[in-house]
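Below is one structure, written out as structure tokens; the observations come after it.
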Amino acid sequence: RERSPKPSHHFRFLRPTYTYKAVQLSRFTMKINQRALILAALAAIPMAGAFSPALRVQPAIQTYTPSPFASKPLNFPKSKLVMSSSAESAEAPEDPKKEEVSLGKKIFDTYVKVADVATTLFPLWTVICSGIALKSPSSFAWFTTEYFTAGLAALMLSMGITLTPQDFIDVAKEPVAIGMQFSLCYAMMPLLAFGLAKAFNLSPALLAGMVLVGSINGGQASNLCTYIARGNVALSVLMTTATTIGAIFMTPILCKAFLGAVVPVDAAGIAMSTIQVVLAPIAIGMATNKFFPGFVKKILPFAPVVGVVSTCLLVASAVAQVAEPIISAGLSLQLPVLLLHLIGGLVGYFLPKLTGFSEVSSRTMAIETSMKSSAFGFLLAKLHLGEYAARVPSAVSVVWMALTGSILAVIWRYIPVKEDE
């Protein structure tokens, strides 16, 4: 058909039609774009939960096409948009109580490490305190007899909280160990002391003091050193108690046999001192451990520090009282006293070991044999031996006793014990 130019008035009627169609096409395109944006946003939610710490989807959005073979349609849990714990922890302010707890725990852990090192350096503190006492005796003049007794009680209390009645029941089933240590304390050590005094040609007064050191009971500081050496503390306490009670009759008998003269001993006073200084603090510590285990658990890390401080004060106080005679005695007295404790400790270890005792029991007996109650010997010499020089070996023994026992304890602390021993 032949086209002819349309009149201009036709375009006037057609223009609105074209405009309406353009508007419809534009609206349709906008709807498509809106739906695309919505779908894109929905698709981006799981990715946002994966990469953003603030959001996560529980569970992820899943699609499901029913299978013609499925008997029942599967029920997927609904998606839930929640805040993540990491976002909460990142955005929420930290609890000040938690900060205080963490700070307190750090301080306590630091204290435990420092206390362990300080306990290991027990021999060093003993030397320092002894040196101060020798150079300036007046520095420990305040540590009177009352404080001396309190120091011994504090030492035993610090050991008592580590024990339970079952420990003593287990030890009582093996009385042979206590008998062995009793014989080492009152047979081997007096003979060794007398022999060393004769070998170094000591004066009669110093010889009497040496024999008295060898004839007294085991020292309370041995319980602390046994604890440091990872020995049997309950066995050590029983041995200390047995030899302390035995001192009531054994010390006068031995002094009579070796010195030819009886050293007067107040049996009732020794028994009362044993109860006050040894048995009562241990009983209180055990009762506290039994009925207040939570409290004991909190204070237990402080027990070794209390024991070390008490022992150092006891050593320094005894040395300060006879500082001048110790200095004037020289090596002629220092060496035999040192050998008394050193040889006693070695014999006290190897003899039980050779006779079938365990490693732990042998260590305990070695420390108990080496560490005599030199402070008690000093008191006996001061009260019952006429000559002033007779108390000097006991004062010298306080230093070497603490050094020998603590050195053995520190060495054994880092030598592991087999499980079967």
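Predicted model only: the values in this text are computed from it and were never measured.
- S136 places no side-chain N or O within donor-acceptor distance of the main-chain N or O of A133, the cut-off being under 3.5 Å.
- With contacts defined as side-chain heavy-atom distances shorter than 4.5 Å, the pair V315/S130 qualifies.
- Within the structure, salt bridge (charged side-chain N to carboxylate O under 4.0 Å, His left out) contacts touching residues 181-195 (residues at least two apart or in different chains) do not occur.
- The line from CD1 of I282 to CG of N289 is 13.0 Å long, rounded to the nearest 0.5 Å.
- With sequence neighbours excluded, no residue forms a salt bridge (Lys or Arg N to Asp or Glu O under 4.0 Å) with R230.
- One distance of note links CD1 of I161 with CZ of F292; it measures 14.0 Å at 0.5 Å rounding.
- Taking the side-chain contact (heavy atoms from CB on, under 4.5 Å) definition, one finds that L191 meets it with F258, sequence neighbours left out.
- The nearest pair of heavy atoms linking S222 to T240 is OG-OG1, 3.5 Å.
- Considering every non-hydrogen atom in both L196 and P336, the closest pair reads CD1-O, 3.5 Å.
- Ring geometry, F108 versus Y111: the interplanar angle falls from 30° to 60°, so the pair is classed tilted.
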### Message
The test is salt bridge (charged side-chain N to carboxylate O under 4.0 Å, His left out); show your working for D109 and K113 and say whether it passes.
### Response
CA-CA 6 Å; D109 292 341; K113 294 178 181 179; over 6 Å; no
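- Looking only at side-chain heavy atoms (C-beta outward), V347 and M189 stay at 4.5 Å or farther from each other.
- Side chain of T355 to backbone of P352: a donor-acceptor contact under 3.5 angstrom is found.
- Side-chain atoms of W125 come within 3.5 Å of backbone atoms of A118 as a donor-acceptor pair (strictly under, hydrogens ignored).
- Taking a 6.0 Å sphere around CD of Q334, one finds it holds more than 12 heavy atoms contributed by other residues, nucleotides or ligands.
- Exactly one residue among L333, V213, V319 makes a side chain to side chain contact (heavy atoms under 4.5 Å, CB included) with V396. That residue is L333.
- Atom CD1 of I327 has more than 12 heavy atoms from other residues, nucleotides or ligands within 6.0 Å.
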Could you give the side-chain donor-acceptor pairs of residues 296-309 under 3.5 Å, partners two or more places apart or in another chain?
none

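- For the pair M188/L351, no side-chain contact is recorded, criterion being any heavy-atom separation below 4.5 Å from C-beta on.
- Of all non-hydrogen atoms in S139 and W142, the two that sit nearest each other are O-NE1, 3.0 Å.
- A donor-acceptor pair under 3.5 Å links the side-chain atoms of T110 to the main chain of K106, judged by distance alone.
- The backbone N or O of M401 lies less than 3.5 Å from no partner atom in the side chain of K372, so there is not a single donor-acceptor pair.
- The two residues T126 and C312 have their closest heavy-atom pair at N-SG, 4.1 Å.
- With sequence neighbours left out, the side-chain hydrogen bond (donor to acceptor under 3.5 Å, both in side chains) criterion links Y349 to E359.
- Between T369 and Q181 the shortest side-chain heavy-atom distance falls below 4.5 Å.
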### Message
Let's go through L254 and V211 carefully: what are the C-alpha distance in whole Å and the side-chain angles of both, what is the deciding distance for side-chain contact (heavy atoms from CB on, under 4.5 Å) to 0.1 Å, and is it a yes or a no?
### Response
CA-CA 8 Å; L254 290 170; V211 171; 5.8 Å; no
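- Residues F200 and L206 are not in side-chain contact: their nearest non-hydrogen atoms beyond the backbone lie 4.5 Å or more apart.
- Listed by chain and number, the residues in a side-chain hydrogen bond (donor to acceptor under 3.5 Å, both in side chains) with S374 are S397 (sequence neighbours excluded).
- For the atom pair L346 CG and L339 CG, the distance stands at 10.5 Å (nearest 0.5 Å).
- Side-chain contact between I367 and M239 is absent, with no heavy-atom pair separated by less than 4.5 Å.
- Atom CD1 in I326 sits 12.0 Å away from atom CZ in R391 (nearest 0.5 Å).
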### Task
Please assess L212 against C255 for the test side-chain contact (heavy atoms from CB on, under 4.5 Å), listing each intermediate value before the final yes or no.
CA-CA 7 Å; L212 184 59; C255 290; 4.0 Å; yes
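- Using modelled atom types, one side-chain atom of T364 and one backbone atom of N232 make a donor-acceptor pair closer than 3.5 Å.
- For the pair K135 and F140, the cation does not sit on the ring face, since its NZ or CZ is not both under 6.0 Å from the ring centre and inside 45° of the axis.
- Annotation: side-chain contact (heavy atoms from CB on, under 4.5 Å) contacts of S183 (sequence neighbours excluded): M180.
- Closest of all the heavy-atom pairs between S370 and G345 is CB-CA, 3.6 Å.
- For N201, there are no side-chain hydrogen bond (donor to acceptor under 3.5 Å, both in side chains) partners at least two apart in sequence or on another chain.
- The side-chain contact (heavy atoms from CB on, under 4.5 Å) test applied to F249 returns no partner, not counting sequence neighbours.
- The shortest non-hydrogen separation linking S373 to I216 is O-CD1, 2.9 Å.
- No side-chain heavy atom of W412 sits under 4.5 Å from any side-chain heavy atom of I228.
- A search for side-chain hydrogen bond (donor to acceptor under 3.5 Å, both in side chains) contacts involving S236 returns N223, T226, E368, not counting sequence neighbours.
- When the side-chain contact (heavy atoms from CB on, under 4.5 Å) test is applied to S332, no partner is found at least two apart in sequence or on another chain.
- Sorted by first and then second residue, the side-chain hydrogen bond (donor to acceptor under 3.5 Å, both in side chains) pairs involving residues 206-219 (not counting sequence neighbours) are N217-T244.
- The distance from the CE atom of M365 to the CG atom of L235 is 6.5 Å, given to the nearest 0.5 Å.
- Between the side chain of T243 and the main chain of G218, a donor-acceptor pair closer than 3.5 Å is present.
- Taking 4.5 Å as the limit, every side-chain heavy atom of I253 sits out of range of all side-chain heavy atoms of Y186.
- Atom CG of L342 sits about 7.5 Å away from atom CG of L408, to the nearest 0.5 Å.
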